[in-house]
Amino acid sequence: PLAPSPGPACALGRSLRWVSTSSQPGSTESDPSEGQVYLSESCVKRLLEIAEGSEFLRLQVEGGGCSGFQYKFSLDTVVNPDDRQGVFEQGGARVVVDVDSLAFVKGSMVDFSQELIRSSFQVVSNPQAEKGCSCGTSFSVKF
């Protein structure tokens with residue numbers, strides 16, 4: 001259960017927008033690898049504001065949406081056995097991705113975007129995605 005942010009909309013939804021970012025992704029592990037997920041400064045800042053205790057942001061990829069796959073964000077406290085390769089921490093904020101979802105988001109950045117009508121966590125610069133859809137919530141993968 002999340003309390004709404006002081007902004008105009010709640011932060012956790014299935015929102016994805018294709019935006020380019022000028023900042024270079026920084027390593028969040030001592031051994032950077034291709035299986036990395038990066039956290040933007042705004043993602044870290046927002047997570048530190050909303051996560052309580054041992055909570056972290058869970059990123060999952062599910063089948064569905066108009067392009068075949070969609071991103072799902074939630075707050076969680078339990079790291080499962082299939083999450084062990086997908087725990088990414090930066091500045092005290094954590095994002096956890098299960099091993100199946102990691103294959104679809106490796107090399108991506110998790111960002112937090114605040115706009116007039118919506119604020120949301122988003123996956124940006126996903127090298128595994130071929131294209132997104134106009135609704136901004138789903139993507140298709142490169143083969």
Side-chain angles (χ1 to χ4, degrees), residues 1-130 132-133 135-142:
L2 291 177
S5 66
C10 189
L12 291 179
R14 292 185 180 173
S15 182
L16 162 74
R17 224 176 34 118
W18 297 104
V19 293
S20 59
T21 177
S22 58
S23 61
Q24 291 298 315
S27 174
T28 57
E29 286 181 347
S30 57
D31 179 25
S33 68
E34 199 176 294
Q36 185 72 24
V37 171
Y38 305 97
L39 313 183
S40 72
E41 286 181 29
S42 61
C43 173
V44 170
K45 181 176 184 267
R46 184 62 180 153
L47 272 175
L48 293 176
E49 291 171 354
I50 65 171
E52 298 177 4
S54 62
E55 284 183 325
F56 55 82
L57 184 68
R58 176 173 293 282
L59 166 58
Q60 294 172 284
V61 174
E62 298 179 338
C66 42
S67 294
F69 296 93
Q70 58 191 3
Y71 301 111
K72 179 183 176 188
F73 290 99
S74 60
L75 285 179
D76 199 350
T77 56
V78 178
V79 177
N80 301 316
D82 67 339
D83 296 330
R84 96 180 167 287
Q85 296 175 356
V87 179
F88 307 99
E89 186 169 348
Q90 185 174 316
R94 290 190 303 161
V95 172
V96 175
V97 185
D98 64 84
V99 69
D100 292 334
S101 297
L102 186 57
F104 295 100
V105 296
K106 61 185 179 182
S108 299
M109 178 177 282
V110 178
D111 190 24
F112 180 76
S113 173
Q114 231 169 342
E115 301 170 359
L116 287 175
I117 60 168
R118 164 177 63 189
S119 56
S120 61
F121 288 101
Q122 305 169 347
V123 174
V124 295
S125 306
N126 184 350
Q128 311 310 315
E130 186 172 57
C133 66
C135 68
T137 61
S138 69
F139 67 101
S140 60
V141 295
K142 293 178 180 175

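Only heavy atoms go into these numbers, but all of them, side chains included; no hydrogens, no water, no symmetry mates.
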- Shortest non-hydrogen contact from Gly91 toward Leu48: O-CD1, 3.6 Å

- All heavy atoms of Gly35 vs all of Lys106, minimum pair found to be CA-CB, 3.8 Å

- Message: Tell me whether the count of non-hydrogen atoms from other residues, nucleotides or ligands lying under 6.0 Å of CD in Glu41 goes above 12.
- Response: no

- Message: Determine whether a donor-acceptor pair (N or O, by modelled atom type, separation under 3.5 Å) exists between the side chain of Ser42 and the backbone of Phe112.
- Response: yes

- Item | Arg46 side chain vs Ser113 backbone, donor-acceptor pair below 3.5 Å | no

- Looking only at heavy atoms, the pair that brings Gln128 and Ala103 closest together is CG-O, 3.6 Å

- Query: For Val110 and Tyr71, what are the C-alpha separation, side-chain angles and deciding distance, and is it a side chain to side chain contact (heavy atoms under 4.5 Å, CB included)?
  - Reply: CA-CA 11 Å; Val110 178; Tyr71 301 111; over 6 Å; no

- Task: Output the distance between atom OG1 (Thr77) and atom CZ (Phe56), rounded to the nearest 0.5 Å.
- Result: 6.5 Å

- Message: For a side chain to side chain contact (heavy atoms under 4.5 Å, CB included) check, start with the C-alpha distance between Asp76 and Val96, then their side-chain angles and the critical distance, and finish with the verdict.
- Response: CA-CA 9 Å; Asp76 199 350; Val96 175; over 6 Å; no

- Closest non-hydrogen atoms of Leu39 and Met109, given as atom of the first, atom of the second and distance, are C-CG, 4.4 Å

- Report the C-alpha distance between Phe121 and Val95 in whole Å, list the side-chain angles of each, state the deciding distance to 0.1 Å, and finish with yes or no for side chain to side chain contact (heavy atoms under 4.5 Å, CB included). CA-CA 11 Å; Phe121 288 101; Val95 172; over 6 Å; no

- Measuring from Asp98:CG to Arg84:CZ, what's the distance to the nearest 0.5 Å? 12.5 Å

- Do side-chain atoms of Asn80 reach the backbone of Asp82 as a donor and acceptor pair under 3.5 angstrom? no

- Counting distance only, does the side-chain N/O of Gln60 pair as donor-acceptor with the main-chain N or O of Ser101 below 3.5 Å? no

- Note on the structure: Note: Val79 and Val87 closest approach over all heavy atoms is CG1-CG2, 4.2 Å

- Message: Distance check, rounded to the nearest 0.5 Å: Cys43 atom SG versus Phe88 atom CZ?
- Response: 12.5 Å

- Go through the steps to decide whether Asn126 and Phe104 satisfy the test side chain to side chain contact (heavy atoms under 4.5 Å, CB included), and finish with yes or no. CA-CA 8 Å; Asn126 184 350; Phe104 295 100; 5.6 Å; no

- For the atom pair NZ (Lys45) and OG (Ser40), what is the distance rounded to the nearest 0.5 Å? 11.0 Å

- Checking Arg58 side chain against Val78 main chain: does a donor-acceptor pair fall under 3.5 Å? yes

- Task: Look up atom OG in Ser74 and atom CG in Leu59, then write down how far apart they are to the nearest 0.5 Å.
- Result: 9.0 Å

- Task: Looking only at non-hydrogen atoms, find the nearest pair between Pro127 and Ser125 and report the distance.
- Result: CD-O, 3.0 Å

